Q: 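Before I ask anything, here is the structure I am working with.
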Amino acid sequence: MPSYFLAWKYLCARRGQAAIMLAGMTLALYLPLATHWLVDRFDRDIRARAEATPLVIGAKGSRFDLVLHSLYFRSRVDGTVPYGEVRALREAKLGKVYPLHGKFTARDQRVIGTTPEYLNFRQLPLAQGKSLQHMGDCVLGAVAAQQLGLQPGGRLRTDRDNLFDLAGEYPVQLNVVGILAPVGTADDEAVFVDIKTAWMIAGIYHGHDGNETHDTSPKFVKKYLEFTESNRDSFHAHGDPNKFPLTAIVLAPTDAKAMALGLNRYQSGDQPLQALKPPDVVKELMSTVTRVVQMLDANFMLMAVGTGLLMMLIVLLSRRLRAREMETLFLLGCDRQTQLAMQAAELAILFAAAASLASLAAWFTAIWAGDRLLTLAA
């Protein structure tokens, strides 16, 4: 392959020119590859999570917000669901019912109030410590534990929901009792607590936290509430528990009939709640994303045509600049066909290198940015 040998030697001798052409070709190939691979991974991940969540129930409002909140704990929902709905679904024996309360954060990590059974539903094994047992306990997802730098036995203080509400409830100091094994889903970034603990953070549950003297001096006034063996039993709530708020409910029906009954339960127009099938909502969401990708494809096609024309111009100008060089090669016995083959080999080498670099960069982008892409739904 003398043409490839001569082409390689020429590119090595013109490193600056070759690097510029390589960078342009790599960028032109990288953008469409990275876009498609990111969208494909996003589609695959979000559909898998949706398929594992048969039915979600929440206040009427944005369907996308409710589903994304139930799947990824990101979006804020429009309203709340009374806890009595959980009891009613359990009494109807439609399937497993998992309450969710995802309004609060702890050092910017989402705090999810639920039941220990939810961890089994999502197949979240413990890597360290133990599961939720008492009010005030929390279990950290693998990523949350790493970002917070906490281990079982540590303490985690919740954030104020409203920094300007000076008369509001104190932050709550949670007791870290366990760390979940990494599973590669949104659960890795969550802080899981018992549903009563979530209501405690919301100010529904209250109790006595060590200042029995009611002294208002700074050394006695606490800046947060904490759970200890001595005060744990003092926390209680007033009012009807059936009216206590949730942000969503996940229902795993026992069969197709239970699924139909669950959907029909919230079909009436005066019903303040809605039941959604996450796979259907995610499919609709992805159809919008697909249309955006199609628009990007048209833009990438125009960019590819422009890059191709630019490369043709470079080749034509290069032939003029290299006229004396080509004439010397001809006098040395290199015919015109071999000269054209050499220039074609130069482009082939550059294209192969650009395709390899673009594919590698797009693959790293899909790995690095794939998880972060889901945060765009927040």
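This is a predicted model, so every value here is computed, not measured.
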Q: Do the side chains of C138 and V193 get nearer than 4.5 Å, heavy atoms only?
A: yes
Q: Using a 6.0 Å cut-off, check whether atom CD of Q133 has over 12 heavy atoms from anything other than its own residue.
A: yes
Q: For a 4.5 angstrom cut-off between non-hydrogen side-chain atoms, does W199 reach H101?
A: yes
Q: Side-chain contact test, heavy atoms from C-beta onward, threshold under 4.5 Å: evaluate it for I57 versus L89 and give yes or no.
A: yes
Q: Looking at T26 and A358, would you say the former's side chain and the latter's main chain have a donor-acceptor pair under 3.5 Å?
A: no
Q: Closest approach of D108 and D159, non-hydrogen atoms and distance?
A: N-OD2, 3.0 Å
Q: Measure across S70 and A248 and return the closest heavy-atom pair with its distance rounded to 0.1 Å.
A: OG-CB, 3.5 Å
Q: How long is the span from the CG atom in D45 to the CG atom in L71, to the nearest 0.5 Å?
A: 12.0 Å
Q: Quick check on the hydrophobic clustering: are V281 and V250 connected, directly or via other members, by side-chain heavy-atom contacts under 4.5 Å?
A: yes
Q: Starting at CD1 of I46, measure out to CG of L285 and round the result to the nearest 0.5 Å.
A: 5.5 Å
Q: Keeping D188 on the side-chain end and G184 on the backbone end, is there a donor-acceptor pair under 3.5 Å?
A: yes
Q: Determine the minimum heavy-atom distance between T254 and G95, stating which atoms define it.
A: CG2-CA, 3.6 Å
Q: Hey, is the main chain of P32 close enough, under 3.5 Å, to the side chain of T35 for a donor-acceptor pair?
A: no
Q: Please report the interatomic distance CE(M200) to CZ(F104), rounded to the nearest 0.5 Å.
A: 11.0 Å
Q: Side-chain heavy atoms under 4.5 angstrom apart, residues restricted to Ile, Leu, Val, Met, Phe, Trp, Tyr: same cluster for F73 and V56?
A: yes
Q: Could you walk me through whether T53 and R122 satisfy the side-chain hydrogen bond (donor to acceptor under 3.5 Å, both in side chains) test, starting with their C-alpha distance in whole Å, then the side-chain angles of each, then the deciding distance to 0.1 Å, before giving a yes or no?
A: CA-CA 9 Å; T53 311; R122 290 296 188 194; 2.9 Å; yes
Q: Quick one: CG on L251 to CZ on R265, what's the gap to the nearest 0.5 Å?
A: 9.5 Å
Q: Could you label the plane-to-plane angle of the F121 and Y98 rings as parallel, tilted or perpendicular, counting under 30° as parallel and over 60° as perpendicular?
A: parallel
Q: For T247 and H69, what are the C-alpha separation, side-chain angles and deciding distance, and is it a side-chain hydrogen bond (donor to acceptor under 3.5 Å, both in side chains)?
A: CA-CA 8 Å; T247 54; H69 173 78; 2.8 Å; yes
Q: If you look at every heavy atom in L246 and V86, which pair is closest and at what distance?
A: CD1-CG2, 3.4 Å
Q: Return the CG to CG distance between D137 and D194, rounded to the nearest 0.5 Å.
A: 8.5 Å
Q: Charged N to carboxylate O below 4.0 Å: is that the case for K283 and D43?
A: no
Q: What is the minimum heavy-atom distance between G113 and A198, and which atoms define it?
A: CA-CB, 3.8 Å
Q: Before you tell me yes or no, could you show the steps for V176 and Q128 under side chain to side chain contact (heavy atoms under 4.5 Å, CB included), namely the whole-Å CA-CA distance, both residues' side-chain angles and the distance that decides it to 0.1 Å?
A: CA-CA 11 Å; V176 180; Q128 301 178 47; over 6 Å; no
Q: Under the side-chain contact (heavy atoms from CB on, under 4.5 Å) test against L150, which residue among L174, L156, I179 passes?
A: L156
Q: Begin from the C-alpha positions of M21 and L347 and carry the test side chain to side chain contact (heavy atoms under 4.5 Å, CB included) through to its verdict.
A: CA-CA 9 Å; M21 294 178 65; L347 293 177; 4.1 Å; yes
Q: Any side-chain heavy atom of S131 within less than 4.5 Å of one from L119?
A: yes
Q: Side chain to side chain contact (heavy atoms under 4.5 Å, CB included) for L140 and Q109? Distances and angles first, verdict last.
A: CA-CA 10 Å; L140 307 181; Q109 301 293 327; over 6 Å; no
Q: What about I20 and L357, same hydrophobic cluster or not, with Ile/Leu/Val/Met/Phe/Trp/Tyr joined at side-chain heavy-atom distances under 4.5 Å?
A: no
Q: Between N242 (side chain) and Y83 (backbone), is there a donor-acceptor pair under 3.5 Å?
A: no
Q: Kindly say whether T105 contributes a backbone atom to a donor-acceptor pair with the side chain of R107 at under 3.5 angstrom?
A: no
Q: Going by an N to O cut-off under 4.0 Å, is there a salt bridge joining R44 and D40?
A: no
Q: Answer with yes or no whether the hydrophobic clustering places V143 together with V111; edges join I, L, V, M, F, W, Y residues whose side-chain heavy atoms lie under 4.5 Å apart.
A: no
Q: Report the C-alpha distance between T115 and V97 in whole Å, list the side-chain angles of each, state the deciding distance to 0.1 Å, and finish with yes or no for side chain to side chain contact (heavy atoms under 4.5 Å, CB included).
A: CA-CA 10 Å; T115 60; V97 184; over 6 Å; no
Q: Between P116 and L132, what is the shortest heavy-atom contact and its length?
A: CG-O, 4.0 Å
Q: Can you find a pair of side-chain heavy atoms, one from P82 and one from D240, that are under 4.5 Å apart?
A: no
Q: Under 3.5 Å, is there a donor on one side chain and an acceptor on the other for S359 and Y30?
A: no
Q: If we only count heavy atoms from C-beta on, is the Y72 to E189 side-chain gap below 4.5 Å?
A: no
Q: Measuring only between side-chain heavy atoms, which start at C-beta, is K96 closer than 4.5 Å to E117?
A: no
Q: To the closest 0.5 Å, what do you measure between CD (Q274) and CD (Q267)?
A: 10.0 Å
Q: CD of Q147: more than 12 outside heavy atoms within 6.0 angstrom?
A: yes
Q: Given side chains that start at C-beta, do those of E85 and Y266 come closer than 4.5 Å, heavy atoms only?
A: yes
